[in-house]
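A quick write-up on the structure given underneath.
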Amino acid sequence: MTADTVADLTADPTSAVRLLGAVFRHGQCAGRIVETEFYDQTDPASHTFGGPTPRNQPMFEAAGHLYVYRSYGIHWCANIVVGEPGWGSAVLVRALAPLEGIDLMWSRRPRAKKATDLCSGPGKLCAALDVDRTDTGQYLIDGGRISLELAEPPEPDAVLVGRRVGITKAVDRPWRFSFDDPNVSKPRPRR
DNA sequence: TTTAGGATGAACT
DNA sequence: GTTCATCCTAAAA
């Protein structure tokens, strides 16, 4: 939890906590990360559970890479790779508090009714920031069109913990973390 | 070559 | 609360 840069993030759930508050930027748009989930190679719910495949290859790169996958044939979901190269673990970005390029986000998500509809879910934030397959494997450090700026480590009291969402395996692992923020997606974590 | 099913969101009743 | 849209990957055949 003492990581100074994204490249220092280790392959454990503390990385998901450390990423809370970080600013995720893609092109003109940016948002503050308010909800994350941790996934690991030992985790039956993870795409890397069965080892490397052409699809999940980016998750085996060094910490600080991006892994984007298609969900239910419809949505894109963005993950920040953590841990050493060769070990498949990553943190799913589940919700953002919009910061910049908010007009652009509205134009990409015309069905949103409230500002908190723009990025309050993993598929929504990818639509709002225009993240898709072409971004998978990108390195978030060297300021391309995608980047990530770490914030100060969050106060432990400010972090809510819960079980992960939308999975059928290992649902009991308390690897979902969030702030108490209106942009957090549906079943809100407690504690 | 075929097929099953998934880390979701939106539009229904 | 329930349904459905819809695509890609991985694994089976």
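Every chain is numbered from 1 and lettered A, B, ... according to where its sequence line falls, protein lines coming before strand lines.
- Atom-to-atom, OH of A/Tyr69 to P of C/dT6 comes out at 20 Å; the value is rounded to the nearest Å.
- Between the base of B/dA7 and the side chain of A/Tyr72 there is no donor-acceptor pair shorter than 3.5 Å.
- Remark: C1' of C/dA11 and CZ of A/Phe49 are 15 Å apart, rounded to the nearest angstrom.
- Regarding A/Leu125, its CG atom lies at a distance of 17 Å from the P atom of B/dA7, rounded to whole Å.
- Both distances falling under 3.5 Å, in either a Watson-Crick or a G-U wobble arrangement, occur for no nucleotide opposite B/dA7.
- Look at CG on A/Asp132: it is 18 Å from P on C/dT6, rounded to the nearest Å.
- Aromatic ring centroids of A/His47 and A/Tyr69 lie under 6.0 Å apart.
- Considering only side-chain atoms of A/Pro54, the nucleotide from B/dA11, C/dA10, B/dT8 that sits closest is C/dA10.
- Annotation: cation-pi pair A/Arg176/A/Phe38 absent, no NZ/CZ under 6.0 Å from the ring centroid and within 45° of its normal.
- Proximity note for A/Thr53 (side chain, C-beta onward) versus B/dA11, C/dA10, B/dA7: the nearest is C/dA10.
- Checking B/dA10, B/dA7, B/dG9 against the side-chain heavy atoms of A/His75 singles out B/dG9 as nearest.
- If you check every strand for non-hydrogen atoms under 4.0 Å, A/Arg164 touches nothing.
- Each salt bridge (Lys or Arg N to Asp or Glu O under 4.0 Å) pair with one or both residues in residues 126-141 of chain A, not counting sequence neighbours, appears once here: A/Asp135-A/Arg145.
- The CG atom of A/Asp117 sits 11 Å away from the P atom of B/dA11 (whole-angstrom rounding).
- Remark: A/Arg133 is in phosphate contact with C/dT9, judged by side-chain N or O atoms under 4.0 Å from OP1 or OP2.
- Of all nucleotides listed (B/dT8, C/dC7, C/dA10), C/dC7 comes nearest to the side chain of A/Arg70.
- What separates CE of A/Met59 from P of B/dA7 is a distance of 12 Å, to the nearest Å.
- To the nearest angstrom, P of B/dG9 lies 10 Å from CD of A/Glu35.
- By the neighbour-count criterion of 12 heavy atoms within 6.0 Å, atom CZ of A/Arg108 is densely surrounded, having more than that number from other residues, nucleotides or ligands.
- Between C/dT6, C/dA10, B/dA7, one nucleotide has an atom nearer to the side chain of A/Ile74 than all others, and that is C/dT6.
- In this structure, the side chains of A/Val165 and A/Glu37 come closer than 4.5 Å at one or more pairs of heavy atoms.
- Each of A/Lys169 and A/Arg111 lies near DNA chain B, and the nucleotide nearest A/Lys169 is the one positioned closer to the 5' end.
- Nucleotide C/dT6 has no partner under the Watson-Crick or G-U criteria, as no pair reaches both atom distances under 3.5 Å.
- Residue A/Arg173 contributes atom CZ, which lies 14 Å from atom P of B/dA7 at whole-angstrom precision.
- Among the atoms of the strands shown, only primed sugar atoms or phosphate atoms (P, OP1, OP2) are found under 4.0 Å from some heavy atom of A/Arg109.
- Between A/Lys113 and the phosphate of B/dA10, there is no side-chain N or O to OP1/OP2 separation shorter than 4.0 Å.
- In this structure, A/Arg111 does not pair ionically with A/Asp117, as no charged nitrogen and carboxylate oxygen lie closer than 4.0 Å.
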